[in-house]
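Written below as structure tokens is the structure these notes are about.
The analysis underlying the following values was restricted to heavy atoms, covering all of them including side chains, and did not include hydrogens, waters or symmetry mates. Bear in mind that the values here come from a model prediction, so they are computed numbers and not experimental data.
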Protein chains: 2
Amino acid sequence: MNKTEEKSLKEQIIDAARKVLLAKGYRNFSLRKIAGEIDVSATSIYLHFENKDDLVHTLMEEAIARLNKQLEQKVAEVDDPISKLEALAREYVSFALKHPREYQVIYLISSDEMTRYPKEKFRKARKGYEIVTDVLKEGVESGLIAESRPRLAAYTFWAQLHGVMSVVLSKRLDNRIEQEEFIEEAIDHIIKGYQLRTSL
Amino acid sequence: MNKTEEKSLKEQIIDAARKVLLAKGYRNFSLRKIAGEIDVSATSIYLHFENKDDLVHTLMEEAIARLNKQLEQKVAEVDDPISKLEALAREYVSFALKHPREYQVIYLISSDEMTRYPKEKFRKARKGYEIVTDVLKEGVESGLIAESRPRLAAYTFWAQLHGVMSVVLSKRLDNRIEQEEFIEEAIDHIIKGYQLRTSL
DNA sequence: TCTTTTAGTTAACGGTGTTAACCTCTGTTA
DNA sequence: TAACAGAGGTTAACACCGTTAACTAAAAGA
């Protein structure tokens, strides 16, 4: 690895931070541990990030980008809008199950628990909503979905999915309920909420 | 206030803890602050609680009980199952908006961020699901709701609502979307997901 | 060559959860 | 009545935390 290929300290910090987060969870995610991971002093993190929240925001941004990328791929594989909606939901779920800690970084942090997620980054995060919005619009055009405000609906769709995965990941499901069944049922209900109601 | 009316230290700690949590948020919720509030040493908290998580769990239990009580009241005020479902959703939303910090205590804490919420307490917490389950069963009997597994459906209903309020409270809504409108739309979609589909 | 800038360091501050050792009452028992 | 035991607190300390200030060494520019 020659000089130009070497990762900048900023990149190294991000890598180390991701590693610590995935390995130990947010609760044990500390600047000193991150710094120790790359044999550097904890204070040097401040040369590249405003503070701890700023670093976390960077990880959030990354995780969101990854999720969005996967959603984009999946949605391109199907044709009709209802199937697309289902594909989106399933990919969303699958991401949360495969990368629970990363998923939780995206969401766990709420209003007063952390500095507001900065506006510039938030814009990128909206990509996911755009994908859903487009699918909903498509569905309206082809007469399968009744929805006068697709962007608004995209947010409700997303929120519902998040709620479902949040319950699963925080392990709040009743023992008597099987996780997979729960997810299936939820996806089914969520999609039904957007389908046009006609006689069967 | 005579001796027998005096609150036990345990109760005083819980009161102080609730006060600190509501005033400063979970991030600034520390044992030393709680102790300072009632002029007692921080370590004496350990005489009444196993650790910080245990104390938080107690606050969670309390908040859940309050929410459940309000839901029970509201659901008794309406008659038909669909209206009951709507009343439940609205009361849930209203609680989250009125007591955001308490609401967040109920949910914010996820699997690896905190010791698992203990089983005995979890049982009490299920009351809310029972209420929803009963309403759904009622709806099935009167032919308004198509649902073969009401308990499972109660969990999906709850999860979706949580997702919606989680997005609202973490202030992740697009500027262009009005909060109230978002909530209305979401409740509408969620309930539609449980209604029997017949020709209009 | 002198000077400024950059990129890092160490030391320290005030805070955290938690544990160990101690103290001081109160009630019981010999 | 004296000795004891336990309950219910205390103080001191440990190991960690995010963050700031002051310093240093090397590189870059003049």
Side-chain angles (χ1 to χ4, degrees), chain A residues 2-60 105 108-110 112-118, chain B residues 2-21 23-60 105 108-118:
Chain A
N2 68 40
K3 268 194 173 177
T4 61
E5 280 179 58
E6 271 171 27
K7 287 194 172 176
S8 71
L9 181 54
K10 179 160 188 173
E11 284 172 307
Q12 287 182 59
I13 291 171
I14 294 175
D15 289 347
R18 185 177 35 240
K19 186 176 168 185
V20 171
L21 186 72
L22 298 191
K24 320 217 176 201
Y26 185 65
R27 234 196 187 185
N28 299 104
F29 176 82
S30 87
L31 297 183
R32 283 176 169 87
K33 274 180 195 133
I34 294 163
E37 199 72 33
I38 50 177
D39 280 312
V40 99
S41 78
T43 54
S44 46
I45 293 176
Y46 286 84
L47 298 171
H48 302 281
F49 300 90
E50 226 177 90
N51 50 34
K52 193 186 180 184
D53 283 358
D54 186 24
L55 175 53
V56 173
H57 284 151
T58 305
L59 292 182
M60 283 176 67
V105 179
L108 207 84
I109 301 106
S110 85
D112 50 38
E113 297 306 313
M114 173 164 296
T115 315
R116 270 298 292 285
Y117 192 60
Chain B
N2 68 41
K3 267 194 173 176
T4 61
E5 279 180 60
E6 271 172 24
K7 287 195 171 175
S8 71
L9 180 55
K10 180 159 188 174
E11 284 172 309
Q12 287 183 57
I13 291 171
I14 294 175
D15 289 347
R18 186 178 32 243
K19 185 175 168 187
V20 171
L21 186 73
K24 321 216 175 199
Y26 185 66
R27 236 197 186 185
N28 298 105
F29 176 82
S30 88
L31 296 184
R32 282 176 171 86
K33 273 179 197 135
I34 294 163
E37 199 74 32
I38 49 176
D39 279 313
V40 98
S41 78
T43 53
S44 47
I45 294 177
Y46 285 84
L47 298 172
H48 301 281
F49 299 92
E50 227 178 90
N51 49 35
K52 192 187 181 184
D53 282 359
D54 186 23
L55 175 53
V56 173
H57 284 150
T58 305
L59 293 181
M60 282 176 67
V105 179
L108 205 86
I109 300 108
S110 86
S111 52
D112 48 40
E113 297 304 314
M114 173 163 299
T115 315
R116 270 297 291 287
Y117 191 59

Y26(A) OH to dG18(D) P, straight-line distance once rounded to whole Å: 9 Å
Within this structure, what is the NZ-to-C1' distance between K10(B) and dG9(D), rounded to whole angstrom? 16 Å
d(CG, L9(B); P, dG8(D)) in whole Å: 10 Å
Between the side chain of E37(A) and the main-chain N/O of A17(A), is any donor-acceptor distance below 3.5 Å? no
Starting at atom CD1 of I34(A), determine the distance to atom P of dT19(D), rounded to an integer number of angstrom. 11 Å
For atom CG of L31(A) and atom P of dT9(C), their distance in whole Å: 14 Å
Output the single nucleotide from dT19(C), dG9(D), dT16(C) whose closest atom is nearest the side chain of Y46(B). dT19(C)
Of all heavy-atom pairs between Y26(B) and V56(B), which one has the smallest distance, and what is that distance? CE1-CG2, 4.0 Å
How close do I45(B) and L31(B) get, heavy atom to heavy atom, and via which atoms? CD1-O, 3.6 Å
Nearest to the side chain of K52(B) - dC17(D), dG18(D), dT18(C)? dT18(C)
Looking only at dT16(C), dT19(D), dG8(C), the nucleotide nearest the T43(A) side chain is dT19(D)
Among dT9(C), dT18(C), dG9(D), the one nearest S44(B) by side-chain distance: dG9(D)
In whole angstrom, give the distance that lies between atom CD1 of I45(B) and atom P of dT19(C). 13 Å
Tell me the interatomic distance from I38(B), atom CD1, to dG8(D), atom P, rounded to whole angstroms. 15 Å
In whole angstroms, how far is the C1' atom of dT19(C) from the CZ atom of F49(B)? 19 Å
As a test of reading the structure: which of dT16(C), dG18(D), dT10(D) is closest to the side chain of R32(A), going by heavy atoms? dG18(D)
Would you say dT16(C) has OP1 or OP2 under 4.0 Å from some side-chain N or O of K33(B)? yes
Treating K52(B) as the side-chain partner and F29(B) as the backbone partner, does any N or O pair qualify as donor plus acceptor under 3.5 Å? yes
So does H48(A) get a side-chain nitrogen or oxygen closer than 4.0 Å to the phosphate oxygens (OP1/OP2) of dG8(C)? yes
Quick check on DNA chain C: between F29(B) and D39(A), whose nearest nucleotide comes earlier from the 5' end? D39(A)
Looking at S44(A) and H48(A), what are the two nearest heavy atoms and their distance? O-CD2, 3.6 Å
Among dG8(C), dC17(D), dG17(C), the one nearest any side-chain atom of S30(B) is dG17(C)
Which nucleotide in the set dT9(C), dG9(D), dT18(C) lies at the smallest distance from any side-chain heavy atom of V40(B)? dG9(D)
When you check the phosphate oxygens OP1 and OP2 of dG9(D), does a side-chain N or O of S41(B) lie under 4.0 Å from one of them? no
